[in-house]
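Here is the structure we will look at, set down as structure tokens.
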There are 2 protein chains.
Amino acid sequence: MPDRSRYHHGALRDALVDAGEALARAEGLEGVTVRRIAAACGVSAAAVYRHFPSGDHLIAAVAQRAREIMARDMFARLDAAVDKPPIDRLREVGESYIAFALAEPRLFSLVSMPMTTPPDRPDDPNAADLVRDIVLELEPPGAVDEQRVASRMMLAQASAHGLAVILRDFVPDPQARAMLIAGVLDRVGVGLEA
Amino acid sequence: MPDRSRYHHGALRDALVDAGEALARAEGLEGVTVRRIAAACGVSAAAVYRHFPSGDHLIAAVAQRAREIMARDMFARLDAAVDKPPIDRLREVGESYIAFALAEPRLFSLVSMPMTTPPDRPDDPNAADLVRDIVLELEPPGAVDEQRVASRMMLAQASAHGLAVILRDFVPDPQARAMLIAGVLDRVGVGLEA
DNA sequence: GCATCGATGTGTACACTGTCAACATGCCGG
DNA sequence: CCGGCATGTTGACAGTGTACACATCGATGC
């Protein structure tokens, strides 16, 4: 909560992203607006432009934040699954992705936006790198077939993303969701090992 | 091209959807705006509301139009593949979906919008029904396992949609796209038959 | 043939959006 | 202490969706 007796905010950039995240959680993309984010920080809309070249860049920063939140859950799950075989860890990642999409559907719509802005820290491990590392473990030692790696990565990412979106938009029932997640991920597992 | 000497347009609703389609093709969702669509028809913005309860309904109608265009290609491909086994026809559908997404990326962003409005003709066969019919052929005669059908449908739809989106947003190179489509659809085929 | 009525289009207005230019404030280093 | 610069404000402009009152026209009943 910013002290509005002060003319200068102090840490506005982070506060803007925080407010954007909250707004996105509550109302989805429609509600995430430069003016409303600024108002939530007790600041004028123009102040945003001291920290972001455009409103889209602010949205992109919120999206990046959302990706980091999602990544945290993925890493937590993977830490608890270090002993499992790669195929099971891939499933953990997929389940995490889908669970996030269904738990925070509006935030997720930011996650799945194409990245218009380079991430603040490009070295940060993102979901794609994560998947790649695990997929590499499926390769026979010393003989990495890049094309096989790529198609496996794509299958893993595409099916998780597609499933998340379809369940979010068209399957409201939680039980049906759980059934479909299990059934589809089983089949994806078979396709991944082929 | 409407005759602007007449006060009344005559077939404004269809003209609006046509203009919306053209605008979506050219500029994507951002360019699809009530006022610009109306202007393209030589009509005031308020006239739109005689035919659609809201601008979103107009957008939804354009999206429905886009789905019909996509469906036409699917049916054409299926007509040319009636003799192939179900798994191959499923692949045709998936390839059609992905090809449309990559050929008309902006129109495709409308296709993949959640349907906010019921389709004009709910009996029109949509992509989901199409997939279901083919998936049913994979079932052993007389013993349809609904859960297996559902998970196969979902895998088919989710992987095609996810792959389309990821390729569109992150893989510009046509050759890489073709490689990935082939590789992923091969694996999806394996998963579908499991 | 003519009046009237409903369907359809126009004009104007309001609240909201992103963005910019000009101005105000206050913190930090010389 | 004071000047400069980062950071904030105000006000404006164009563009958005949408509602209300009004205009126009085609068809329908007499």
Side-chain angles (χ1 to χ4, degrees), chain A residues 1-24 26-63 106 109-110 113-114 116-117 120, chain B residues 1-24 26-63 106 109-110 113-114 116-117 120:
Chain A
M1 215 50 53
D3 180 355
R4 289 314 302 117
S5 61
R6 288 183 307 180
Y7 185 95
H8 286 72
H9 182 286
L12 185 51
R13 202 201 130 100
D14 287 345
L16 289 171
V17 178
D18 288 348
E21 180 193 329
L23 222 41
E27 312 191 25
L29 262 175
E30 306 292 298
V32 180
T33 209
V34 171
R35 290 178 123 102
R36 294 190 55 186
I37 293 179
C41 296
V43 129
S44 76
V48 168
Y49 293 84
R50 300 296 174 189
H51 300 270
F52 298 93
S54 85
D56 284 340
H57 285 75
L58 169 52
I59 310 274
V62 178
R106 301 180 234 262
S109 62
L110 297 202
M113 265 181 5
T116 60
T117 262
D120 298 340
Chain B
M1 211 51 52
D3 180 356
R4 289 314 301 119
S5 61
R6 288 183 307 179
Y7 185 95
H8 286 73
H9 182 287
L12 185 52
R13 202 200 131 101
D14 286 346
L16 289 170
V17 177
D18 287 348
E21 181 192 329
L23 222 41
E27 311 191 25
L29 262 175
E30 305 291 300
V32 181
T33 209
V34 170
R35 291 176 122 104
R36 294 190 54 187
I37 291 179
C41 295
V43 128
S44 76
V48 169
Y49 293 85
R50 299 295 173 187
H51 299 272
F52 298 94
S54 86
D56 284 341
H57 285 75
L58 169 52
I59 311 274
V62 178
R106 301 179 235 262
S109 62
L110 297 201
M113 267 182 4
T116 59
T117 261
D120 297 339

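In the text below, chain A, chain B and the rest are named by the order of the sequence lines, each starting its count at 1.
Straight-line distance from the CG atom of L12(B) to the P atom of dG9(C): 5 Å, rounded to whole Å. Regarding R13(A), its CZ atom lies at a distance of 17 Å from the P atom of dA6(D), rounded to whole Å. Atom CZ in R36(A) sits roughly 13 Å away from atom C1' in dA15(C) (whole-Å rounding). Separating the CD1 atom of I37(A) from the P atom of dC16(C) is a distance of 17 Å, rounded to the nearest angstrom. Rounded to an integer number of Å, the gap from L16(B) CG to dG9(C) C1' is 12 Å. As a whole-Å value, the separation of E30(A) CD from dG17(D) C1' is 12 Å. Atom C1' of nucleotide dT8(C) and atom CZ of F52(B) are separated by 14 Å, given to the nearest angstrom. Nucleotide dG11(C) holds its P atom 17 Å from the OH atom of Y49(B), rounded to whole Å.
Looking at which nucleotide of DNA chain C each of A45(A) and R50(A) is closest to, the 5′-most match is held by A45(A).
Here the straight-line distance linking atom CE of M113(B) with atom CG of L29(B) works out to 6.5 Å at 0.5 Å rounding. Once rounded to the nearest 0.5 Å, the distance linking CG of L23(A) with CG of D18(A) reads 12.0 Å. Atoms CD and CZ, on E30(A) and R36(A) in that order, are 11.0 Å from each other to the nearest 0.5 Å. Interatomic distance, CG of L16(A) versus CG of L58(A), reported as 6.0 Å (0.5 Å rounding).
For A46(A), the listed nucleotide lying nearest its side chain is dA21(C); candidates were dA21(C), dC20(D), dT18(D).
Contact between the side-chain N/O atoms of H51(A) and the OP1/OP2 oxygens of dA6(D) is not found at any separation under 4.0 Å. Put simply, T33(A) has no side-chain N or O that comes within less than 4.0 Å of OP1 or OP2 on dC16(C).
Within 4.0 Å (heavy atoms only), S44(B) reaches at least one base atom of the nucleic acid.
Side-chain atoms of V43(A) and L12(A), non-hydrogen and from C-beta on, do get closer than 4.5 Å to each other.
No hydrogens or angles were tested; on distance alone, a donor-acceptor pair under 3.5 Å links the side chain of R35(B) to the base of dG17(D).
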